[in-house]
Amino acid sequence: MPLVKVMKNKISSSKVIKCRFDPHIFLPQISGSRIAINVNASAQRLLRRRHPWLFESSITRISHEGKSGDLAVIFDNRKKFLAIGIYDPASPIRVRILASGKSATINPAWFLNIISTAHEKRSSLLSTETDGYRVVSGENDGLPGLVIDRYADTLVIKIYTPAWIPHLYNVTAALLEVLPLQRVVLRMNKLTQAQTALLYGLKNADVIYGDKLDDIVIFKENGILFEADPIRGQKTGFFLDQRDNRARVEKIARGQNVLNLFSYTGGFSLYAARGGAASVTSLDISKPAIAGSVRNFALNYNNAVIANCQHRYIADDAFKAMENLATTDKRFGVVIIDPPSFAKKADEIAGALRAYSRLVKLGLDLLEQHGTLVMASCSSRVKADDFFSMIFETAKSAHYSLKELERSAHAIDHPIGFPEGAYLKCLFATAQHRR
Ligand code: SAH
């Protein structure tokens, strides 16, 4: 049986994938028309360095106003090929680059090659009792604006622009050839969901291939069972990027009381528990996330070490809860702080650093003497050096000396393919209060 069923499309005359369980879902296919674009000198330089984005403001000439998802070929002053990418008339990132330097034919074989290359890079994970990982990390794997995660038998494609929709057929077919799993769920970021005229009737969380999914999916990360909710969960259902930092926490947790702030569904909490923590407190503002952390503990109760760890949980604002905890005499051997991105725009960077600094101060005040602070940031706009300096400056002015254990960055399935792709940074340090 072919993995994807090809049918005549009602939307355009091209081919479509028909969803096996839902006859109403159709994937349109690319129109075949191409746009020719010329760009200014600075964009030519950036594209030669294989930058994955071409901004609208860099375009000096365009052959015609194309449609969302059309392929755009970019030329330099001498009419020499620079790059080919996906045209996005609704975004300031007007073209997302698929290939640069050498001309490429963007066809099913091209998608198969790029997705299998990406998956090959992750192959070492498969021997670590891990079947939840990022298969394709957008720009960093050569597919700008497209993320693919795997949770056991479920694949989740998340698109950050409707311009990907005409290419989903080829992406899905290639993906299923590399990983012939049970189903593919399509997720869209909010901006994409809002552009209904460009979505060909597709909706966020549609299952575009395979069996219907009503519920959560259970997968393994380093042998620990977790649930992911590809339909309703944040991101694509789980924060896969913290796997290595969680493993670091497991190593330092023995006998400790651990406070996990911004816990989501308890990723760090489970590793701390398996590492032999005496207690773990998960804290998140989202009640469904906290409920998920409770279920994740229950999933792993056949592990005696995890079952013996006392799991406490609090659904509250972290800033407020930390201030409240500081007024009690409760202190922790490990405090983990992994907040959401505080700087989505350039003018939010200073405010983000102030908020991080506040969390560092509150976290240090909740540590036992010589306890370990684990402080992470996922804001790509906040540079690693500024982030780490902020932690040390905050500690100094609050009269703590920090002993750095480790700085960490990206896991193997979250490679850094361009400057903006470096977003995750995390410091492990023990703290001593100078009384
Ligand atoms: N550490 C998690 C990922 C954290 S993502 C993991 O390893 O999986 C950020 C989390 O912060 C989200 O779960 C979100 O619900 C939570 N959050 C956002 N604002 C918050 C606040 N003010 N107080 C507490 N939690 C908050």
Side-chain angles (χ1 to χ4, degrees), residues 130 132-134 149 151 156 190 216-217 219-222 224-230 232-250 253 258-275 277 280-297 299-300 311-326 334-344 348 351-352 354-360 362-363 366 373-380 382 408 410-411 413-414 423-428:
T130 297
Y133 54 93
R134 181 146 293 185
D149 287 341
Y151 299 105
V156 185
K190 288 220 170 71
I216 48 108
V217 175
F219 69 97
K220 252 193 254 170
E221 192 185 89
N222 286 317
I224 301 181
L225 295 172
F226 286 104
E227 59 170 52
D229 186 344
R232 290 160 293 258
Q234 297 185 33
K235 298 276 169 184
T236 61
F238 195 75
F239 290 86
L240 296 162
D241 51 358
Q242 289 287 23
R243 182 189 316 106
D244 292 354
N245 288 329
R246 294 186 190 119
R248 291 181 177 102
V249 163
E250 179 172 6
V258 176
L259 176 61
N260 180 14
L261 298 148
F262 305 93
S263 63
Y264 191 48
T265 51
F268 281 102
S269 304
L270 264 300
Y271 279 74
R274 193 172 66 174
V280 180
T281 304
S282 303
L283 190 146
D284 199 283
I285 203 163
S286 152
K287 283 193 183 131
I290 287 293
S293 74
V294 174
R295 288 193 300 273
N296 281 333
F297 266 83
L299 279 178
N300 291 279
H311 183 221
R312 304 190 185 104
Y313 39 93
I314 307 171
D316 200 355
D317 170 64
F319 292 87
K320 206 174 88 198
M322 289 168 97
E323 277 163 15
N324 289 343
L325 277 168
V334 180
V335 171
I336 303 154
I337 308 177
D338 179 25
S341 174
F342 287 153
K344 297 237 162 75
E348 291 170 353
R354 279 196 299 277
Y356 287 136
S357 171
R358 178 97 192 101
L359 288 172
V360 170
L362 288 166
L366 291 173
L373 178 75
V374 181
M375 180 72 203
S377 163
C378 62
S379 312
S380 67
V382 173
S408 66
H410 283 225
D413 55 336
H414 290 70
Y423 69 96
L424 191 65
K425 47 252 167 219
C426 186
L427 182 81
F428 287 67

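Both ligands and their constituent atoms are indexed starting at 1 by order of listing.
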Do K425 side-chain atoms and S379 backbone N/O form a donor-acceptor pair below 3.5 Å? yes
May I have the step-by-step check of side-chain contact (heavy atoms from CB on, under 4.5 Å) for S408 and C426, ending in yes or no? CA-CA 5 Å; S408 66; C426 186; 3.4 Å; yes
Going by heavy atoms in the side chains, are N222 and R274 under 4.5 Å from each other? yes
Just wondering, do Y151 and E227 contact through their side chains at under 4.5 Å, heavy atoms? no
Pocket residues around ligand 1 (non-hydrogen, under 4.0 Å) come out as Q234, F239, R246, F262, S263, Y264, F268, D284, I285, S286, D316, D317, A318, D338, P340
In terms of relative ring orientation, are H311 and F297 parallel, tilted or perpendicular, with 30° and 60° separating the classes? parallel
Using 30° and 60° as the class limits, which term best fits the ring planes of F239 and Y264: parallel, tilted or perpendicular? perpendicular
